[in-house]
Amino acid sequence: MTVFADYAPWYDLLYRDKDYAAETAFVEARLRDHGVSSGMLLDLGCGTGLHALAFARQGWSVAGIDLSDEMIARARTRAGQVGLSIPFRQGNVCETGAERDFDAVVSLFHVASYQTSRDALTAMFRTAHAALKPGGVFFFDYWYGGAVLAQGVETRVKVIEQKPLRLTRIAQSDHDEQAATVTVNYTLFCEDMDRATIKRVDEAHRMRYWFPFEIDAALAASGFQRAAHAAWLTQDAPSSKSWAAYAVARKSVAP
């Protein structure tokens with residue numbers, strides 16, 4: 001099954017508590033730290049477009065790419081509803097497209113961890129490299145291996161009610177330590193309480209956790225300078241307390 005194929009219609013409701021504006025402000029601050037404060041920005045793995053729209057509202061000229069047709073359709077609809085012209089296209093972030101001369105490339109919500117091999121991760125980085133102008137900055141987040149190994153996996157249940165809908169998501173994870181992957185098996189029960197209907201959606205998301213030395217090797221192979229790494233939404237070193245980390249790298253040479 002294509003990841004997010006049936007999940008997409010419920011995605012925004014599941015993550016309605018995610019503060020996209022605050023995350024965008026944080027990323028902007030880190031881009032400024034590296035000398036980029038405005039211009040053209042490419043969102044790799046843009047999903048339903050909420051980060052991209054937040055950047056556009058701050059004055060960036062934004063484009064977005066996502067593998068899911070369903071996600072891209074929702075992103076285009078959302079941009080049109082608020083009168084923003086953002087070129088969203090369906091595409092694989094591991095395949096270089098026509099995008100060039102961007103000041104910044106961002107890839108948020110663990111798109112890098114959906115790349116489950118070193119070759120795939122390097123291919124994604126090369127897409128970012130090709131899209132950036134010389135000296136451009138690449139910001140992305142990922143699952144930090146030290147935290148995954150320290151905390152282990154567990155079953156999680158999330159219930160969200162927004163009448164007439166009630167969503168129950170069960171996430172059961174399988175850890176393959178030899179492959180450094182976690183397969184998150186989602187079961188989603190989507191209830192329409194007015195119509196007394198219920199739909200079940202099942203999807204498996206295989207994720208790769210990474211360590212900074214692996215990230216740096218893939219970046220170097222893709223023509224980037226060594227990255228700065230930190231725990232998500234902080235400027236502290238990655239730690240066992242948080243699965244989420246991020247890196248900031250600058251385009252330096254041809255890959």
Side-chain angles (χ1 to χ4, degrees), residues 12 15 18-66 71-72 74-91 93 95-112 124-142 215-216 219-220 222-236 244-255:
D12 290 335
Y15 293 106
K18 187 173 177 64
D19 194 338
Y20 287 89
E23 291 184 1
T24 298
F26 178 82
V27 174
E28 282 193 297
R30 302 291 76 75
L31 293 176
R32 285 195 299 272
D33 290 344
H34 287 77
V36 178
S37 58
S38 63
M40 295 173 59
L41 181 144
L42 177 63
D43 188 352
L44 288 181
C46 62
T48 60
L50 286 169
H51 281 120
L53 266 66
F55 281 111
R57 291 188 181 101
Q58 296 303 311
W60 294 86
S61 178
V62 180
I65 302 170
D66 198 89
M71 293 286 200
I72 286 295
R74 295 178 74 82
R76 288 171 176 162
T77 297
R78 175 173 281 117
Q81 288 172 341
V82 297
L84 289 172
S85 178
I86 299 176
F88 290 110
R89 73 169 179 88
Q90 188 277 334
V93 299
E95 297 173 357
T96 300
E99 291 79 12
R100 295 291 185 277
D101 295 323
F102 281 79
D103 299 278
V105 172
V106 301
S107 190
L108 305 174
F109 218 176
H110 317 310
V111 175
M124 174 186 160
F125 290 172
R126 286 178 174 163
T127 298
H129 185 279
L132 285 165
K133 62 177 56 173
V137 175
F138 181 29
F139 181 109
F140 61 96
D141 58 16
Y142 62 95
I215 296 283
D216 288 343
L219 286 168
S222 307
F224 286 96
Q225 296 174 3
R226 185 174 180 177
H229 296 266
W232 181 237
L233 296 182
T234 78
Q235 296 188 69
D236 301 327
Y246 69 90
V248 191
R250 186 180 302 280
K251 176 174 178 174
S252 54
V253 298

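What you see is a predicted model; the values in this text were computed from it and never measured. Keep in mind that the numbers below use all heavy atoms, side chains included, and drop hydrogens, waters and symmetry copies. Numbering of residues begins at 1 and proceeds along the displayed sequence.
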Which heavy-atom pair separates Thr24 from His51 by the least distance, and what is that distance? OG1-CD2, 3.8 Å
Decide yes or no on side-chain contact (heavy atoms from CB on, under 4.5 Å) for Glu23 and Phe109, but give the supporting numbers first. CA-CA 10 Å; Glu23 291 184 1; Phe109 218 176; over 6 Å; no
Does Ser222 offer a backbone N or O that forms a donor-acceptor pair with the side chain of Arg126 under 3.5 Å? no
I'd like to check the ring pair (Phe, Tyr, Trp, His ring centres under 6.0 Å) partners of Tyr142; sequence neighbours left out, ordered by chain and number. His229
Closest heavy-atom contact between Cys46 and Gly64? SG-C, 3.8 Å
Please collect all side-chain hydrogen bond (donor to acceptor under 3.5 Å, both in side chains) contacts where either partner lies in residues 53-62, sequence neighbours excluded, each pair once. Glu28-Trp60
Test item: Arg76 side-chain N/O and Phe88 main-chain N/O as donor-acceptor pair under 3.5 Å: yes
Less than 4.5 Å apart, side chain to side chain, heavy atoms only: is that true for Phe139 and His34? no
Using a 4.5 Å cut-off on heavy atoms from C-beta on, say whether the side chain of Leu41 contacts that of Leu31. yes
CG-CG distance between Leu84 and Leu53, expressed to the nearest 0.5 angstrom: 5.5 Å
Enclosure of Arg226 CZ (heavy-atom neighbours >12, cutoff 6.0 Å): no
On a heavy-atom basis, which atom in Ala130 and which in Arg100 lie closest, and how many Å separate them? O-CD, 3.0 Å
Do Thr48 side-chain atoms and Ala75 backbone N/O form a donor-acceptor pair below 3.5 Å? no
CG on Leu219 to CZ on Arg250, rounded to 0.5 Å: 13.0 Å
Looking at every heavy atom in both Ile65 and Gly91, which two are closest together, and how far apart are they? CG2-O, 3.6 Å
Nearest-0.5 Å distance that lies between atom CG in Leu50 and atom CG in Leu108: 11.5 Å
Beyond-backbone contact of Asp33 with Gln235, side-chain heavy atoms, under 4.5 angstrom: yes
Quick one: does any side-chain atom of Tyr246 pair with a main-chain N or O of Ala228 as donor and acceptor, under 3.5 Å? no
Should Val111 and Met124 count as side-chain neighbours, where that means a heavy-atom distance under 4.5 Å? yes
To the nearest 0.5 Å, what is the distance between CG (Leu42) and CG (Asp103)? 11.5 Å
Before you tell me yes or no, could you show the steps for Lys133 and Met40 under side-chain contact (heavy atoms from CB on, under 4.5 Å), namely the whole-Å CA-CA distance, both residues' side-chain angles and the distance that decides it to 0.1 Å? CA-CA 10 Å; Lys133 62 177 56 173; Met40 295 173 59; over 6 Å; no
Using every non-hydrogen atom in the two residues, find where Val36 and Ala104 come nearest and quote the distance to one decimal. CG1-CB, 4.3 Å
Would you say Lys251's side chain and His129's backbone share a donor-acceptor pair under 3.5 angstrom? yes
What I'd like to find out is whether the side chain of Phe55 reaches to under 4.5 Å of the side chain of Val106, using heavy atoms alone. yes
Decide if the gap between the ring center of Phe125 and the ring center of Phe140 is smaller than 6.0 angstrom. yes
Heavy-atom nearest pair, Ile86 first then Ala52, reads CD1-O, 4.2 Å
What residues, two or more places apart in sequence or in another chain, satisfy side-chain contact (heavy atoms from CB on, under 4.5 Å) together with Ala128? Leu44, Val105, Phe138, Phe224
